[in-house]
Amino acid sequence: TFLHLHSSLHPAVSMSNPKIVPVLPQADEPNPTKVPNERMTTPAGLQVAPVFDAFVKSDLPSSVTPLAFYSCLEDLVNTIEPKIQEALKTRSALQAQIDEYHRKTGPIESSKYITFLQSINYLVPVPKSVTISTSGVDEEIATIPGPQLVVPVNNARFALNAANARWGSLYSCLYGTDVFGPPVKGPYDASRGEKVTCWVRKWLDDVLPLEEGSHAEVTSYECEGGEMRPKMKEGKFLGTREVNGAKHFLLENNGLKIEIVIDKTTEVGKADTAGVSDVLLESAISTILDFEDSVAAVDAEDKVEAYKNWRGLMVGDLEARFSKGGKEVVRTLNANKTFLGPQNEPFEVRSRSLLLVRNVGHLMTTPAVLDKEGREIGEGLLDAITSVALAKFDLEKDSKLNKNSPENSIYIVKPKMHGPEEVKIACDTFDIIERHLNLPPNTVKLGIMDEERRTSANLNACIAAASSRVAFVNTGFLDRTGDEIHTSMEAGPFVRKKNMKAQPWIAAYENRNVDIGLACGFTGKAQIGKGMWAMPDLLGKMLEEKIGHPQAGANCAWVPSPTAATLHATHYHRVDALKRQGEIASGGSRNTLEQLLTVPIIEDPSAWTAEDKRDEIENSAQGILGYAVRWVDQGIGCSKVPDINNVGLMEDRATCRISSQLLANWLHHKVVTEEEVIAAMKKMAEVVDKQNANDQNYTPLAPSFEGIAWRAACNLALKGRTQPSGYTEPILHLARLEKKIEQRAERR
């Protein structure tokens, strides 16, 4: 199970090491996911795991009764599940035709290739004119450009950190990162602090210039006659507040707020001529709570844990308790800030990030609920109804100021959709849920992840399929590259990973996503996003480079931490993203479909040296092992994993997918051998063991090379070609489940 199309899994695998055995069960083996406890059966025959049924009966809003919830779920299973199964069959059929085309055809001729893709309906007709009509969109989505966090929903502490990351200290983020060299520990370093204040003053001069002079020359910030002194040439003065004797001046630029904090009692404030002790920036404008790639949720217990955290965020009572510095810390959601306007009128400013939720895609199923035939239902269907039902807690609040969405919307990002037909399935799903839960049509706003090749090639049609719901579209280089390799697996050996971003299809992909979004009327209505900065310890480099995202027309872009959000926010003050969108739109389309569909294969792989090939397979092997061992053994879906050069990278299933597909491609085209890959896996297992030596929960891979995580990693490396769309979920899910069974047995 775990898949709607079981036949797409191939459990048999030939490996040179007899100790490596497939994680995947044979077709006639018992399904290890079946929960032995007695299940609750709904009137229509759905079989519900006890832990999930208990959640439904105790944790949903009073406006969503268990009867209403299960009635809706039954409708989804009966109506949407068959559509999903047909869509997955279409994926497989199209892939088979593309594979056959490449096997029979020589070098790719663009015009013939496109004609072929049109003939099999991989490419659908481009709609003549698409203008989205999405309404009821919050300003954080529509008109406030800025950073966007993505955080695993099953970690309450991380979720709260992200929700509270609406504001961040620019001084602290500059001082505590590598912007001015390696981070320092110990007492305050005045010379480093001076570099911070000089940088911030120069930045203020750039984004909030004064009518006369420089911020570096200011000796006092005051409020006189409803205006700030000294006067600004640009920007807007909004008001002031006092906190523990410190005076805060609230300013605005490009829709984003800034607080200049005056406090001469602090060490920083004493050393500053104007008493400035900090500058606070509106930072993570929005946050995606993730049920997908950054989460390892394989059974009913895991799903309920994640759903409870989403519930706590929607209710507003989520808390996390943990030890820090020898003391217990209790973290909760921040309260709004209260200011006095220029005429001493009080007003509140939001202190929390606008929260979206990312459900899983159409592929996977969940043992939390079985249909009347005993088959697992679509995990995405369960995510959809549960996410929406719990979001009603927020919609039913009396005060707009305390709501996640003052506009009474629910934002659900749907990943891994292949083409407009699958986008329509998502919309049909939400139509049913809104009807059953008595919500106005289009309450649920859809985020379209442009991370699969068929979606990229048909993006206009995908947006048209959700024109009244869509509020977000973004690019995701990692998954998109994985699908690029898998789709054209038979075309030839692909270029090395480090060379992928220089390929013509990447520029076309990034530009077309923006161009099509703008042509469909996204400006002022929806987000156009860019992907993650994956090196959370190299934020100095991020500060230099990620300004390219708003310059490219993105009004949001992903960041790996609240600190990164604050630093990236400086870019949206330098670049007016909405204005930049207008400039780009006026220039028309920048790339063609032909460029997007350019397959990045290498004509002569013999040009690679033995060292080139060894470096590539070791890099991929290390990445797969470093990620899979935490996923399988500890249930960690996203973490900072050291790469082969010990640079910490934010790894999730998307990064693992690239490595899996690249190795699969090179194996298939005999660039490398299975023996070479296994040798690299063993060598890198020792590296990964050393990198995790200080983790008391870590189980070494070497020297036995026979644990569940090891076998799963080898399957990812050796069986990537046969996985549906090259996804890593099927192998990882089954391995994690096997590990949980093993761990339960050990506890007994």
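All values derive from a computational prediction rather than experimental measurement.
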- Task: Dump the intermediate steps for side chain to side chain donor-acceptor pair (under 3.5 Å) on T42 and E74, then the final yes or no.
- Result: CA-CA 9 Å; T42 70; E74 289 162 356; 2.7 Å; yes

- Query: Do I463 and F522 come within less than 4.5 Å of each other through their side chains, counting heavy atoms only?
  - Reply: yes

- Task: Identify the heavy atoms of N460 and C520 that sit nearest to each other, and give their distance.
- Result: ND2-SG, 4.4 Å

- Whether R352 side chain and N334 backbone form a donor-acceptor pair below 3.5 Å: yes

- Verify the neighbour count for atom NZ of K308: are there more than 12 heavy atoms of other residues, nucleotides or ligands below 6.0 Å? no

- Check for a donor-acceptor pair, side chain of S725 on one end and backbone N or O of Y727 on the other, with a separation under 3.5 Å. no

- Return the set of residues passing salt bridge (Lys or Arg N to Asp or Glu O under 4.0 Å) with E396 (not counting sequence neighbours), or none when no residue passes. K392

- Task: Examine the side chains of S405 and D138 and answer whether a donor and an acceptor come within less than 3.5 Å of each other.
- Result: yes

- Message: With rounding to the nearest 0.5 angstrom, report the CG to NZ distance, L363 to K416.
- Response: 9.5 Å

- Query: Residues two or more places apart in sequence or in another chain: which of them pass side chain to side chain contact (heavy atoms under 4.5 Å, CB included) with E345?
  - Reply: P342, Q343

- Does a side-chain heavy-atom distance below 4.5 Å link Y70 with V56? yes

- Task: Assess whether atom CZ of F158 is packed by more than 12 heavy atoms of other residues, nucleotides or ligands within 6.0 Å.
- Result: no

- Does the salt bridge (Lys or Arg N to Asp or Glu O under 4.0 Å) test come out yes or no for K414 and E422, once each step is laid out? CA-CA 10 Å; K414 189 72 175 176; E422 296 194 15; over 6 Å; no

- Who passes salt bridge (Lys or Arg N to Asp or Glu O under 4.0 Å) against E139, sequence neighbours left out? none

- Taking only Lys NZ, Arg NE, NH1 and NH2, and the carboxylate oxygens of Asp or Glu, determine whether R469 and E434 approach each other closer than 4.0 Å. yes

- Message: Before you tell me yes or no, could you show the steps for V357 and F291 under side-chain contact (heavy atoms from CB on, under 4.5 Å), namely the whole-Å CA-CA distance, both residues' side-chain angles and the distance that decides it to 0.1 Å?
- Response: CA-CA 7 Å; V357 60; F291 283 91; 3.1 Å; yes

- Contacts of E259 meeting salt bridge (Lys or Arg N to Asp or Glu O under 4.0 Å) (sequence neighbours excluded), chain-then-number -> R241, K337

- For residues E282 and G255, report the shortest heavy-atom separation together with the two atoms involved. OE1-O, 4.1 Å

- Task: Only counting residues at least two apart or in another chain, list the ones meeting side chain to side chain contact (heavy atoms under 4.5 Å, CB included) with N254.
- Result: D576

- Given R350 and E140, is the salt bridge (Lys or Arg N to Asp or Glu O under 4.0 Å) satisfied, shown in steps? CA-CA 11 Å; R350 283 163 68 83; E140 290 89 343; 2.7 Å; yes

- Message: Classify the ring geometry of F249 against F237: parallel below 30°, tilted from 30° to 60°, perpendicular beyond 60°.
- Response: tilted

- Looking just at side-chain N and O atoms, do T523 and Q581 make a donor-acceptor pair shorter than 3.5 Å? yes

- Task: Show your reasoning for whether salt bridge (Lys or Arg N to Asp or Glu O under 4.0 Å) applies to E319 and R321.
- Result: CA-CA 7 Å; E319 67 175 39; R321 295 176 180 270; 3.0 Å; yes

- Message: Would you say T365 and E376 are linked by a side-chain donor-acceptor pair, where the criterion is simply a distance under 3.5 Å?
- Response: yes

- Query: Taking the side chain as C-beta and beyond, is there a heavy-atom pair between L578 and P145 under 4.5 Å?
  - Reply: yes

- Say whether D59 and Y307, considering side chains only, have a donor N or O and an acceptor N or O under 3.5 Å apart. no

- Show your reasoning for whether side-chain contact (heavy atoms from CB on, under 4.5 Å) applies to I258 and L280. CA-CA 6 Å; I258 301 171; L280 308 179; over 6 Å; no

- Task: Without swapping roles, check the side chain of S353 against the backbone of T287 for a donor-acceptor pair under 3.5 Å.
- Result: yes

- Please confirm whether the backbone N or O of G136 pairs with a side-chain atom of S409, one donor and one acceptor, at under 3.5 Å? yes

- Message: Using side-chain heavy atoms (C-beta onward) and a distance below 4.5 Å, is V388 in contact with I412?
- Response: yes

- Message: I'd like to know if the side chain of D394 pairs up with that of N404 as donor and acceptor (distance under 3.5 Å, no hydrogens or angles considered).
- Response: no

- Query: Please walk me through it: do D479 and R653 pass side-chain contact (heavy atoms from CB on, under 4.5 Å)?
  - Reply: CA-CA 8 Å; D479 261 312; R653 284 197 300 248; over 6 Å; no

- Task: With sequence neighbours excluded, tell me which residues meet salt bridge (Lys or Arg N to Asp or Glu O under 4.0 Å) with K57.
- Result: D53

- Note on the structure: Closest non-hydrogen contact found for P415 with M449 is CA-CG, 3.6 Å

- Does the pair R736/D299 count as a salt bridge with the N-to-O cut at 4.0 Å? no

- Donor-acceptor side-chain pairing of S387 and N359 below 3.5 angstrom: yes

- Note on the structure: Heavy-atom nearest pair, N164 first then T332, reads ND2-O, 2.9 Å

- Task: Give a yes-or-no answer on whether the side chains of T475 and E451 include a donor-acceptor pair shorter than 3.5 Å.
- Result: no

- Any donor-acceptor N or O pair under 3.5 Å, side chains S286, Q148: yes

- Query: Counting only N and O atoms by type, is there a donor-acceptor contact under 3.5 Å from the side chain of K530 to the main-chain atoms of G553?
  - Reply: no

- Message: Does the plane of the ring in W631 sit parallel, tilted or perpendicular to the ring in H733? Use 30° and 60° as the thresholds.
- Response: tilted

- Message: Could you walk me through whether T134 and V470 satisfy the side-chain contact (heavy atoms from CB on, under 4.5 Å) test, starting with their C-alpha distance in whole Å, then the side-chain angles of each, then the deciding distance to 0.1 Å, before giving a yes or no?
- Response: CA-CA 6 Å; T134 315; V470 65; 4.1 Å; yes

- Item | K303/D383 ion pair, N-O < 4.0 Å | yes

- Side chain proximity check, I80 to I425, heavy atoms < 4.5 angstrom: yes

- Might you confirm whether atom NZ of K424 has over 12 heavy atoms from other residues, nucleotides or ligands at distances under 6.0 Å? no

- Will you find, in the side chains of R331 and N161, an N or O donor that is under 3.5 Å from an N or O acceptor? yes

- Task: Ignoring hydrogens and angles, state whether a donor on the side chain of R480 or S456 is under 3.5 Å from an acceptor on the partner side chain.
- Result: yes

- Item | Which atom of E305 lies closest to which atom of N154, heavy atoms considered | OE2-O, 3.8 Å

- Minimum heavy-atom distance between L401 and N336, given as atom pair plus value: O-ND2, 2.9 Å

